[in-house]
Amino acid sequence: MKKIWVPLLLLCATPAASQTDPHRTVDPTFLHRFVPNVKPVTVPISSPTAHYKALFGEGDANAKLLRTMSRFGELTVDPNGKSSLVSYPREEHMFVILDGEGTVSYGGKTFPVKKEDFLYLPPTVEFGLNGGAKGVKAAFMGFKIPEAMPLTIPDTLKISNIADVPLVNVGGHPLDTLYRLMMGDTKSTRDKLSTGHVMISLFVMEFAPGATNFPHHHETQEEIYLMLDGKGEMVAGSGMDGIEGKFPAKPGDAYYYRANTTVGFYNDKALSPKPARILAVRSNMPPPK
């Protein structure tokens with residue numbers, strides 16, 4: 001009997017086609033933005049002299065992917081300009097001043113701010129950012145507080161500067177990666193400010209040349225990395241083992257990681273003869289219903 005040979009390519013055609021079905025969509029496990037390429041959008045805090053780049057959350061095309069975070073972006077206020085005043089009944093916010101100086105309007109009072117100041121903006125309190133003679137630029141981030149969670153409102157503005165936060169080791173991470181633990185939740189005893197409800201950790205990582213924080217994941221937390229200084233490879237969970245996804249990283253690169261996604265960073269010794277720095281923030285996911 002004559003044998004009939006069937007090309008292997010034909011046998012594989014059907015499964016391959018099903019993997020590219022245009023009717024099937026999958027939410028990404030992480031998002032990447034490069035700040036200089038993001039165009040400003042109009043949101044409640046923006047104004048004719050205050051310009052907001054929506055990296056993640058409000059104003060971004062993938063805003064629905066975020067669960068506990070409401071927004072993360074870059075707010076730039078022109079010299080002597082002002083943002084709009086805003087307040088949120090069930091959201092907490094933070095400013096980290098990236099450049100320049102100015103003032104913060106907070107509960108009807110005004111407080112001076114300068115580069116690398118960070119401050120907590122609780123729910124219900126009205127606030128805004130004002131530019132000084134050369135303007136001011138800040139990372140602006142917000143988090144949704146569940147209705148059942150009691151609110152803790154500080155009596156006054158909680159503010160500090162990154163330079164005033166000591167560099168420390170964090171258990172489970174290499175000794176050549178140091179942390180400035182800027183802000184934690186209201187029960188924190190290790191952070192400079194203990195103020196958060198849903199936000200549980202705001203910090204800066206400083207990587208020695210060639211250092212890493214090791215790829216890792218957080219099963220019930222969302223996280224954002226914003227590259228401040230240095231160059232290397234950002235890990236964003238992908239590949240068969242979850243740690244193969246490495247992407248070239250430089251200042252201005254920002255990554256959002258949803259819960260249980262592998263995250264990490266490798267500082268490139270050849271490209272970063274000085275320590276690389278990443279601003280990071282993490283928040284707790286709501287418990288399952």
Side-chain angles (χ1 to χ4, degrees), residues 29-30 32 72 94 96-98 115-118 120 139 141 158 160-196 199-285:
T29 57
F30 70 91
H32 168 253
F72 186 100
M94 297 93 215
V96 179
I97 307 301
L98 301 174
K115 185 176 180 179
E116 299 208 338
D117 279 348
F118 59 94
Y120 179 74
M141 58 201 82
K158 297 295 183 181
S160 188
N161 189 274
I162 293 174
D164 296 328
V165 182
L167 284 167
V168 298
N169 297 117
V170 171
H173 294 286
L175 298 180
D176 53 359
T177 297
L178 299 175
Y179 293 73
R180 296 188 190 269
L181 303 174
M182 300 154 56
M183 194 180 303
D185 62 22
T186 55
K187 298 179 181 179
S188 172
T189 59
R190 70 175 191 172
D191 298 274
K192 186 70 173 180
L193 302 179
S194 302
T195 51
M199 187 285 304
I200 61 169
S201 190
L202 174 67
F203 54 99
V204 165
M205 294 176 282
E206 296 196 8
F207 299 82
T212 179
N213 60 341
F214 285 150
H216 60 285
H217 68 276
H218 303 279
E219 292 185 2
T220 61
Q221 296 162 3
E222 293 178 298
E223 192 161 15
I224 287 174
Y225 280 10
L226 174 62
M227 192 83 189
L228 300 177
D229 302 295
K231 294 183 179 180
E233 289 183 306
M234 197 75 75
V235 175
S238 58
M240 294 299 292
D241 59 3
I243 63 172
E244 294 177 355
K246 294 181 181 179
F247 304 91
K250 58 187 178 299
D253 278 321
Y255 280 80
Y256 161 80
Y257 303 91
R258 73 182 194 186
N260 215 26
T261 299
T262 300
V263 308
F265 176 75
Y266 291 90
N267 189 15
D268 190 318
K269 190 174 183 177
L271 298 177
S272 294
K274 296 181 180 180
R277 297 197 310 155
I278 292 177
L279 175 69
V281 67
R282 203 160 61 233
S283 57
N284 268 334
M285 295 287 289

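For reference, positions follow the sequence shown, starting with 1.
- Considering every non-hydrogen atom in both Thr195 and Thr186, the closest pair reads O-CG2, 3.5 Å.
- Between Ala249 and Met227 the shortest heavy-atom distance is CB-SD, 4.4 Å.
- For Phe265 and Tyr225, the ring centers are positioned 6.0 Å apart or more.
- Of all the heavy atoms in Tyr257 and Gly264, the pair that sits closest is OH-O, 4.4 Å.
- Under the salt bridge (Lys or Arg N to Asp or Glu O under 4.0 Å) criterion, Glu233 pairs with no residue at all, not counting sequence neighbours.
- Asn161 places none of its side-chain heavy atoms less than 4.5 Å from the side chain of Ile97.
- Taking OG1 of Thr29 as the reference point, atom OH of Tyr256 lies at 10.0 Å (rounded to 0.5 Å).
- Judged by distance alone, with hydrogens and angles left aside, the side-chain atoms of Asp191 form no donor-acceptor pair with the main-chain N or O of Ser194 at under 3.5 Å.
- Counting heavy atoms from C-beta on, the side chains of Pro215 and Lys246 never come closer than 4.5 Å.
- Side-chain contact check for Phe118 versus Met94: every heavy-atom pair is 4.5 Å or farther apart.
- Annotation: side chain of Val281 is not in contact with side chain of Met183 (no heavy-atom distance under 4.5 Å).
- Between the side chain of Thr177 and the main chain of Phe207, no donor-acceptor pair closer than 3.5 Å is present.
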Original post:
So Ile224 and Met141, side chain to side chain contact (heavy atoms under 4.5 Å, CB included) or not? Walk me through it.
Top reply: CA-CA 10 Å; Ile224 287 174; Met141 58 201 82; over 6 Å; no
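- Pro273 and Pro209 get closest at one heavy-atom pair: O-CG, 3.3 Å.
- A heavy-atom distance below 4.5 Å is found between the side chains of Asn213 and Tyr179.
- Counting heavy atoms from C-beta outward, His173 and His216 have side chains that approach closer than 4.5 Å.
- For the pair Leu279 and Leu202, the minimum side-chain heavy-atom distance is below 4.5 Å.
- In this structure, Leu228 CG and Glu206 CD are separated by 9.5 Å, a value rounded to the nearest 0.5 Å.
- In this structure, the side chain of Asn267 does not engage the main chain of Ala211 through any donor-acceptor pair within 3.5 Å.
- Between Phe214 and Pro174, the shortest heavy-atom distance links the atoms CE1-CG, 3.4 Å.
- Pairing each heavy atom of Pro251 with each of Gly230, the nearest pair is CD-O, 3.1 Å.
- The salt bridge (Lys or Arg N to Asp or Glu O under 4.0 Å) pairs that include a residue from residues 262-282 are Glu116-Arg277, Glu223-Arg282, Asp229-Arg277, where partners are two or more places apart or lie in different chains.
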Run the side-chain donor-acceptor check on residues 164-171: report pairs under 3.5 Å with partners two or more places apart or on a different chain.
unit_1 : atom_1 : unit_2 : atom_2 : d
Asn169 : ND2    : Leu175 : O      : 3.2

